There are 2 protein chains.
Amino acid sequence: MPIATSSVRRAVSRPKPSSAAPVKPGVFPDAKHDHGACVKSALQRAEDICTAKDVRLTQIRRQVFELVWQSHNPVGAYDVLEGLRDGQRKAQPPTVYRALDFLMEHGLIHRIESLNAYIGCAVPGDEHAGQFLICRDCGVAAELLDKRIDDAIGKGAKAAGFSIERPTVELEGTCAHCRRIKRGHKHRD
Amino acid sequence: MPIATSSVRRAVSRPKPSSAAPVKPGVFPDAKHDHGACVKSALQRAEDICTAKDVRLTQIRRQVFELVWQSHNPVGAYDVLEGLRDGQRKAQPPTVYRALDFLMEHGLIHRIESLNAYIGCAVPGDEHAGQFLICRDCGVAAELLDKRIDDAIGKGAKAAGFSIERPTVELEGTCAHCRRIKRGHKHRD
DNA sequence: GGACAAATGTTATATTGTAACGTCACCTGA
DNA sequence: TCAGGTGACGTTACAATATAACATTTGTCC
Ligand SMILES: [Zn+2]
Ligand SMILES: [Zn+2]
Ligand SMILES: [Zn+2]
Ligand SMILES: [Zn+2]
């Protein structure tokens with residue numbers, strides 16, 4: 001069999017060196033974006049960050065990281081556990097929770113409190129607590145870094161004499177894509 | 001035998017202003033405020049609202065409501081369950097969760113996602129999702145209704161084409177009172 | 001290699017939340 | 001008056017999420 005895959009142009013070659021930023025904050029990922037590129041880029045950044053901080057992205061931690069990044073939907077700890085078990089290991093809950101704790105501690109993933117679930121950080125390496133837009137139809141979550149929101153929250157807290165240390169902003173609703181679909185069903189496009 | 005035992009239903013009257021408002025949104029309750037007044041006023045408003053909406057604030061629901069209002073700290077469902085059991089009953093989890101669901105559905109309490117806990121609403125009777133300031137030292141939570149925050153969040157979501165249906169804003173940190181105490185310990189007042 | 005700490009394994013259990021079905025009281029309409 | 005429906009609650013069992021405690025392995029430094 002010829003190696004040539006006829007109509008595929010350059011598709012077999014590497015999808016551009018990691019510099020491409022496939023996931024941007026504040027943007028809902030397109031339904032058919034190159035998610036492999038998301039994962040690859042996220043992994044590269046995670047490795048860089050761990051190297052810079054001189055902490056170890058071990059095999060398990062990397063696997064958990066990849067499982068969290070398996071989609072743009074927040075994923076539960078026990079789903080991650082399932083994923084780990086699909087491999088050779090027979091992991092237990094503490095294994096997963098320890099890896100998740102490590103990844104959160106170093107800003108590589110976030111926890112979505114309203115879902116008891118975890119999602120890859122779109123902007124790792126910088127101390128922040130994003131705001132999350134979570135679509136109740138497709139389940140996708142997009143991370144915002146909106147200065148206006150941070151400012152407004154900061155002012156509100158200050159007025160009450162309150163000092164914020166860990167903000168949680170999770171906005172459940174519907175993304176533009178899912179609303180288009182629903183409208184389509186109602187009046188035929 | 002009387003057929004109608006003074007039905008609670010069908011009593012459509014307007015929610016009375018019920019005056020005294022011991023808990024205000026945006027304010028951390030003082031350490032030694034008259035909390036009995038908080039509870040009394042909250043209960044009165046709850047009753048007015050249920051009457052106006054023609055739904056029943058049954059014995060159990062009222063008890064759960066009072067247990068949630070036992071302090072200004074969010075309280076877990078199983079703590080409420082304990083409280084119910086201290087009485088005569090031997091309640092089970094579904095009893096508590098049903099009551100909590102009812103109270104949330106009618107805007108009388110809120111759920112704090114980041115704590116898996118529940119707290120009385122400071123401004124019931126009007127559709128809203130407050131913002132919560134939660135002190136990690138004393139555990140007290142204060143509800144804000146900050147229009148600037150709502151606006152900023154609305155704009156951020158709109159820019160992403162996202163339609164918010166259920167916002168969650170929970171700000172963990174330290175209240176002014178607890179910070180004063182801590183400063184006092186450091187440099188002797 | 002020996003000492004030490006970090007990472008992981010392992011077992012058991014805690015905490016939070018639901019499904020499913022039964023009972024009972026009350027209302028409604030024939 | 002009573003059949004049938006509905007809403008609230010009781011009861012049992014279980015699902016889903018998370019952690020405590022201790023044993024063992026792995027990596028690192030000297
Ligand atoms: Zn992607
Ligand atoms: Zn982030
Ligand atoms: Zn009070
Ligand atoms: Zn409220």
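Just so it is clear, the model here is predicted, and its values are computed rather than measured.
In this structure, B/T95 does not reach the D/dA8 phosphate: none of its side-chain N or O atoms is under 4.0 Å from OP1 or OP2.
Residues satisfying the side chain to side chain donor-acceptor pair (under 3.5 Å) criterion with B/D79, sequence neighbours excluded, are absent altogether. Residues meeting the side chain to side chain donor-acceptor pair (under 3.5 Å) test with A/R148, sequence neighbours left out: A/D146.
Taking each heavy atom of A/Y78 and A/P93 in turn, the nearest pair found is OH-CG, 3.5 Å. Of all heavy-atom pairs spanning B/F102 and B/L57, the tightest one is CE2-CD1, 4.3 Å.
The nearest whole Å value for the distance from the CG atom in B/L100 to the C1' atom in D/dC9 is 15 Å. D/dG7 atom P lies 16 Å from atom NZ of B/K53, rounded to whole Å. Look at CZ on B/R85: it is 15 Å from C1' on D/dC9, rounded to the nearest Å. Atom pair A/Q63:CD and C/dA7:C1' shows a separation of 15 Å (rounding to whole Å applied). Between the CZ atom of A/F102 and the C1' atom of C/dA6 there is a distance of 11 Å, given to the nearest Å. Computed from coordinates, the A/I60 CD1 to C/dT10 C1' distance equals 13 Å when rounded to whole Å. Atom CG in B/L84 sits roughly 11 Å away from atom P in D/dC9 (whole-Å rounding).
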- For the pair A/H110 and A/F132, evaluate ring-ring contact (aromatic ring centres under 6.0 Å, His included) and give the outcome as yes or no after the intermediate values. CA-CA 10 Å; A/H110 294 286; A/F132 295 90; 5.2 Å; yes

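The aromatic rings of A/H35 and A/H72 lie perpendicular to each other, with more than 60° between the two planes, well past the 30° mark.
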Please table the atom pairs, donor to acceptor, closer than 3.5 Å between any side-chain atom in residues 114-123 of chain B and protein atoms at least two apart or in another chain.
unit_1 : atom_1 : unit_2 : atom_2 : d
B/S114 : OG     : B/E170 : OE1    : 2.7
B/N116 : OD1    : B/R111 : NH2    : 3.0
B/Y118 : OH     : B/R111 : NH1    : 2.8

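Every pair passing side chain to side chain donor-acceptor pair (under 3.5 Å) that includes a residue from residues 93-108 of chain B is listed here, sequence neighbours excluded: B/K53-B/H106.
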- Query: What string of B, S and - do you get for nucleotides 22-30 of chain D 5' to 3' if you count protein non-hydrogen atoms under 4.0 Å?
  - Reply: -----S---

- Task: Going 5' to 3' through nucleotides 13-20 of chain D, assign each nucleotide B (protein heavy atom under 4.0 Å from a base atom), S (under 4.0 Å only from sugar-phosphate atoms) or - (no protein heavy atom that close).
- Result: ----BBBB

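Salt-bridge check for A/K182 with A/D137: passed, with a basic side-chain N closer than 4.0 Å to an acidic carboxylate O.
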